[in-house]
Amino acid sequence: MNRLAQIAHSYEMQIEEAVSTIRARCGIRPLVALTLGSGLGDYATALKVEEEIPYTDIPDFPVSTAPGHDGRFIIGYLDQVPVICMKGRIHLYEGYEPWDVVLPARVMGKLGAEVLFLTNAAGGINFGFMAGDLMLVTDHISTFAPNPLIGPNFAEFGTRFPDMSHIYDLELCDLIRETAHQENVPLQEGVYVQLTGPSFESPAEIRMLRQLGADAVGMSTVIEAIAAHHAGMRVVCISCIANAAAGMTKEPLSGDDVNLTAGETAPMFSRLVSGSILALGKALKKS
Ligand code: HPA
């Protein structure tokens with residue numbers, strides 16, 4: 001076997017092992033995979049929990065090391081909708097490779113999840129945003145993060161050159177808009193850009209990103225969205241605007257403040273996410 005084939009083989013084994021470890025612990029076939037961003041982990045308490053699986057229980061699984069990221073799968077139900085939730089994600093800045101970061105999304109897809117519902121804390125670049133706003137991600141800029149599909153293509157997941165014209169599912173985004181309206185949750189919309197972190201951006205970088213069309217910036221999400229879309233999952237994302245991006249106020253940025261502000265949006269965030277998951281569950285049942 002050549003070097004690339006060996007890498008691909010061991011990655012596929014890693015995925016198979018994670019899938020079989022999770023299946024052995026919990027027989028639920030999830031419909032929605034939910035990834036909770038920084039400061040947003042408490043949302044997991046909204047689920048009727050059937051099983052919790054720390055990432056450390058899964059052989060060779062990447063482990064969350066970021067502050068505020070618990071590092072466990074929570075599997076359960078929101079009403080009738082089966083959900084697998086990542087309470088704590090994996091980031092590039094922790095030192096992981098792009099394919100490690102997207103491994104959980106691929107595993108959740110293999111477990112049966114049809115939708116990847118991403119959430120994150122982000123810096124607001126758009127002058128119209130305020131800390132505490134929620135933003136529906138309608139598109140992204142991936143140019144500043146390594147592409148997670150570099151390397152051998154896993155044909156069982158998707159094609160070598162996947163289309164990225166509609167990464168964030170148009171129909172499901174509409175359902176989230178409707179839910180926000182019904183729940184009386186103000187919802188911004190915009191383009192999210194992922195940088196690798198872990199340093200925050202400089203003011204000059206924020207000015208550049210604004211000129212490029214970004215509304216919010218963060219250190220996650222985009223590469224997970226690409227891998228999930230490649231694998232045929234339907235992707236949606238809500239960002240919690242935790243701060244005005246660098247240089248937009250006199251305040252220095254801190255990770256603790258990000259987690260704190262994201263946590264403060266919890267009641268609104270929970271209403272929107274729960275309402276949206278229920279709406280997605282209904283829509284998927286019909287289709
Ligand atoms: N920049 C990058 N990532 C972030 C920010 C930010 O301002 N806020 C929350 N995550």
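This chain uses plain numbering: 1 for the first residue, then up along the sequence. Read the numbers this way: they start at 1 and go in the same order the structure lists the ligands and their atoms.
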Here the atoms of ligand 1 under 4.0 Å from any heavy atom belonging to Ala121 are 9 (C), 10 (N)
Residue-level breakdown please: for [X] versus ligand 1, do any non-hydrogen atoms fall below 4.0 Å on the side chain, on the backbone, on both, or on neither?
X: Asn243; value: side chain
X: Val258; value: side chain
X: Ala246; value: neither
X: Leu253; value: side chain

Would Lys110 and Glu156 pass as an ion pair if we require N to O under 4.0 Å?
-> yes
Within 6.0 Å of [atom1] in [X], more than 12 heavy atoms from elsewhere:
X: Arg177; atom1: CZ; result: yes
X: Met13; atom1: CE; result: no
X: Met130; atom1: CE; result: no

Distance-only donor-acceptor check, side chains Ser239 and Asn120, under 3.5 Å = yes
Can you tell me the protein heavy atom closest to [atom] and the distance?
atom: atom 5 (C) of ligand 1; value: Gly123 N, 3.4 Å
atom: atom 4 (C) of ligand 1; value: Val217 O, 3.7 Å
atom: atom 2 (C) of ligand 1; value: Glu201 OE2, 3.1 Å
atom: atom 3 (N) of ligand 1; value: Gly218 CA, 3.3 Å

Could Arg72 and Tyr55 be counted as a cation-pi pair, given that NZ or CZ must be under 6.0 Å from the ring centre and within 45° of the axis?
-> no
Check if Ala122 has a non-hydrogen atom at a distance under 4.0 Å from any atom of ligand 1.
-> yes
Are Tyr168 and Tyr192 close enough, and set up right, to give a ring-ring contact (aromatic ring centres under 6.0 Å, His included), and what steps lead you there?
-> CA-CA 11 Å; Tyr168 300 91; Tyr192 176 97; 8.7 Å; no
